[in-house]
Structure formats: C-alpha cells, structure tokens
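These notes concern the structure reproduced below.
Any value given below was found using the heavy atoms of this structure, including those in side chains, with hydrogens, waters and symmetry copies removed. These numbers come from a predicted model, not from an experiment. Order of the sequence lines sets the chain letters (A, B, ...), proteins ahead of strands, with each chain counted from 1.
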Number of protein chains: 2
Amino acid sequence: MRTVEKQNKKSRLNESLKNSGMKLTRQRKLVYDTLLEKLDHPTAEDLFFRARKKQPEISMATVYNCLEALVKCGLVKQVKVGKNAVRYCANLCEHAHFVCEVCGAIFDLDRDNREKFKNMQIKIPRGFKIHNFEIAIHGTCSDCNILRI
Amino acid sequence: MRTVEKQNKKSRLNESLKNSGMKLTRQRKLVYDTLLEKLDHPTAEDLFFRARKKQPEISMATVYNCLEALVKCGLVKQVKVGKNAVRYCANLCEHAHFVCEVCGAIFDLDRDNREKFKNMQIKIPRGFKIHNFEIAIHGTCSDCNILRI
DNA sequence: CTAGGTGCAAAAGGTTTGCGGTTAA
DNA sequence: TTAACCGCAAACCTTTTGCACCTAG
C-alpha cells in the first residue's frame, strides 16, 4: 500500500473515531486493518485469530469492543446472516450481500447494482424516516452449483 | 375466524409439514397459531410465554423445535435484526422489514412495494442462483419521530 | 407399532460486563 | 493528568442437545 493510502486510511479511522468521541488506539487500528486486509466478512472470532498473529496479547473482549467502536463510528457494518456469529464488513458502498447456502460464503454485490440501490424508492408509512437498508440474497454460488451437478 | 378459514389454515399447516416429512402435532399447531394471532415479529421467548397461556406444559425447547420445523417447511421465516434474539414472521408475501432503531418495533412493508420487489433485477455473478432475498430498512417510526421533536 | 416429537435439564455457543491496571490526548 | 480503553475472567442470553417418555399416523 502506498504511503498516501496508509495516511488516508489512518486519518479516516482517527477522524471517524474522534467525531464519535472515541480515541484511536493500537487495538482499534489493528482490528480495523485486519478487517480491511481480507474482505471476506469474518466473524469476531476470525478477526481475533488474525489479529492475534500481529499482537498476541489482544483479547476476544477487546476485539468485540473495538468492533463495537468501529460500528458506532460508522466505518464497519454488522452482517447478520446464517445461523452463526455476526459477521463484519468494512465495505461502505451501498451494496447487497449474497449468501451461499451451501458453503456459507458471503459475496458483496455492488459493481452492477450501485445505481439500482441508489434509486430504489421504497415506500414507507407517513412519518417514518429511513437511515439505511440492507439486502441479503440467499442462494448458491457458482462453485457450489458446479459441485452439485 | 370462519370455519372455512380454520380448515384452510389447518390443512395448510398439515400439508406443509407432510411435504417436508414431518408430523402435525399439537405443539406445532399451537406455536403456529400463536404466531398468526399477532403479527408483531415475536422472539421465540415471546412465543413461549404466549403459547404457555394456552398449554402450560409446553417447554422452551419445544417452541424452538416447532419454529425450526415451521421454518423448514416454509411457513415461517426468521428475521434477524437488532442485537437481540431472532424474530419470527409468518407473512409469506415478498416484503421488506422496517426496523425502528428507537423502539425496536418491526413493521412489514409490503402493500406499496410488492411490484417493486418482484421486478427488482439484482445482477449476480455468472453461475450464481438466487433462492430468496430479504430487505431490512433501519430508521425511526412515526411515533418515535414525534416524541423526539 | 414405531418413527418422530415432547419436556426437562444441562451444555454450548456467542457476546457483554466488572474490575484493576494501562494509555491516548 | 485523567477519561477512556485494555485484558482477563466470569456472567449472560439465546439456542441446541441428550435422553427418557409420549404420540401421530
């Protein structure tokens, strides 16, 4: 990663935390970096193991706390699909998630749908206000479809 | 409820269970009826307390088992929003859920959006297959907006 | 008659919390 | 300097499971 990008990333994290009245700590940076490294929608536990490789003292509770902070300041979103632990997503574009019912993998659907999501005018009752929305599509991915033939 | 409707409901439950190789039991009927009574997206625990009023011997585990059976046979859907227990929904129309971030209430959005959801052509990668999708909209409901002014 | 379901209690996740020590600003 | 945060362990809440008994078909 180029130096400029690193600075952008760090300052984005710092700013976002500061805007929400929170501090930039080593652990929060570590968890955020770890999440950005591999955009595969890891669970808190996944992130714990990945983060521990770089900072062995970090604890599970800290990972949860850091993720909570990152969600609060708007840099990370929770993804609740399947029947297991919550997954985390640092992709801030409006996008849908495709969940493979066979292998459990989660794919971001954004490239071809961004306009569609932007223009989607869902009708809501008078007086309601929308903050954001999430779309989860359940199905089977190409790899699993091939294996099933 | 008219007798015809009762029969339709019972036979629908019976057929759906049978199609999935499961039996119609008193508890499954009770849990399904209880869910249909009040379409407020209750948790398993909510349903347990409501069902227990009619059949005090029913256990929490049975409520979970019955809900699992109802989900498997396609009559009930799980709704995962907010940070607490899974909620259950017996509305089988394609619809989105509006989740109030203040009071936690969940509203079905279908009336004005059914066509939109049907026609929504989300682009997915080659080889992927869609089974179904869920849309959750987060925001604030009219009651909570009034109280906040 | 018997496969499948129930009720109970106990265990298993996943997540949160209380607390003493540490650190960012 | 000090409010906020970390690491640990224990608690908590939701959900699942094992097992003896029961029941729908």
Pairing of B:Arg50 and B:Asp40 as salt bridge, 4.0 angstrom limit: yes
Connected via hydrophobic side-chain network under 4.5 Å: B:Leu39 and B:Val31: no
Lys/Arg N to Asp/Glu carboxylate O, B:Glu68 vs A:Lys83, below 4.0 Å: no
A:Asp46 (side chain) donor-acceptor with A:Thr43 (main chain) under 3.5 angstrom: yes
Rounded distance in Å - CZ (A:Arg26) to P (D:dC6): 10 Å
B:Ile122: side chain to side chain contact (heavy atoms under 4.5 Å, CB included) partners, not counting sequence neighbours: A:Leu109, A:Asn113, A:Phe117, A:Ile135, A:Ile137, B:Met120, B:Ile124
Rounded interatomic separation in angstrom, taking CD from A:Gln27 and C1' from D:dG7: 9 Å
Pairwise ring-ring contact (aromatic ring centres under 6.0 Å, His included) hits with a residue in residues 89-114 of chain B, at least two apart: A:Phe128-B:Phe98, A:Phe128-B:Phe107, B:His41-B:His97, B:His95-B:His97
Near-strand residues of residues 54-66 of chain A, defined as heavy-atom separation under 4.0 angstrom from DNA chain D: A:Gln55, A:Glu57, A:Ile58, A:Ser59, A:Ala61, A:Thr62, A:Cys66
Spacing between A:Glu68 atom CD and D:dC6 atom C1', to the nearest angstrom: 14 Å
N/O donor-acceptor pair under 3.5 Å between B:Arg87 side chain and B:Val81 backbone: no
Interatomic distance, A:Arg26 atom CZ to A:Asp33 atom CG [nearest 0.5 angstrom]: 12.5 Å
Between P of D:dC13 and CZ of B:Arg87, the distance in whole Å: 16 Å
Atom-to-atom span, CG of B:Asp46 to C1' of D:dT14 - whole angstrom: 13 Å
Leading and trailing nucleotides of DNA chain C with any atom under 4.0 Å from heavy atoms of chain A: C:dG14 to C:dA25
N or O in side chain of A:Arg28 less than 4.0 angstrom from D:dC5 OP1/OP2: yes
Which residue lies more 5' along DNA chain D, comparing B:Met22 with B:Ala44 via nearest heavy atoms: B:Ala44
Nearest-angstrom distance from the residue atom NZ of A:Lys72 to C1' of D:dC5: 13 Å
By side-chain hydrogen bond (donor to acceptor under 3.5 Å, both in side chains) - contacts of B:Tyr88 (at least two apart): B:Gln78
Side chain B:Asp108, main chain B:Asp110, donor-acceptor under 3.5 Å: no
Between P of D:dT14 and CG of B:Leu67, the distance in whole Å: 15 Å
Atom pair distance, as rounded to whole Å: NZ in B:Lys23 and P in D:dT23: 12 Å
Bend angle of the helix from C:dC1-D:dG25 to C:dA25-D:dT1, from helix axes over five pairs at each end, nearest 10°: 50°
Nearest-nucleotide comparison on DNA chain D, the residue closer to the 5′ end among B:Asn84 and A:Gly21: A:Gly21
same_hphob_cluster(B:Phe48, B:Val79) at 4.5 Å side-chain heavy-atom cutoff: no
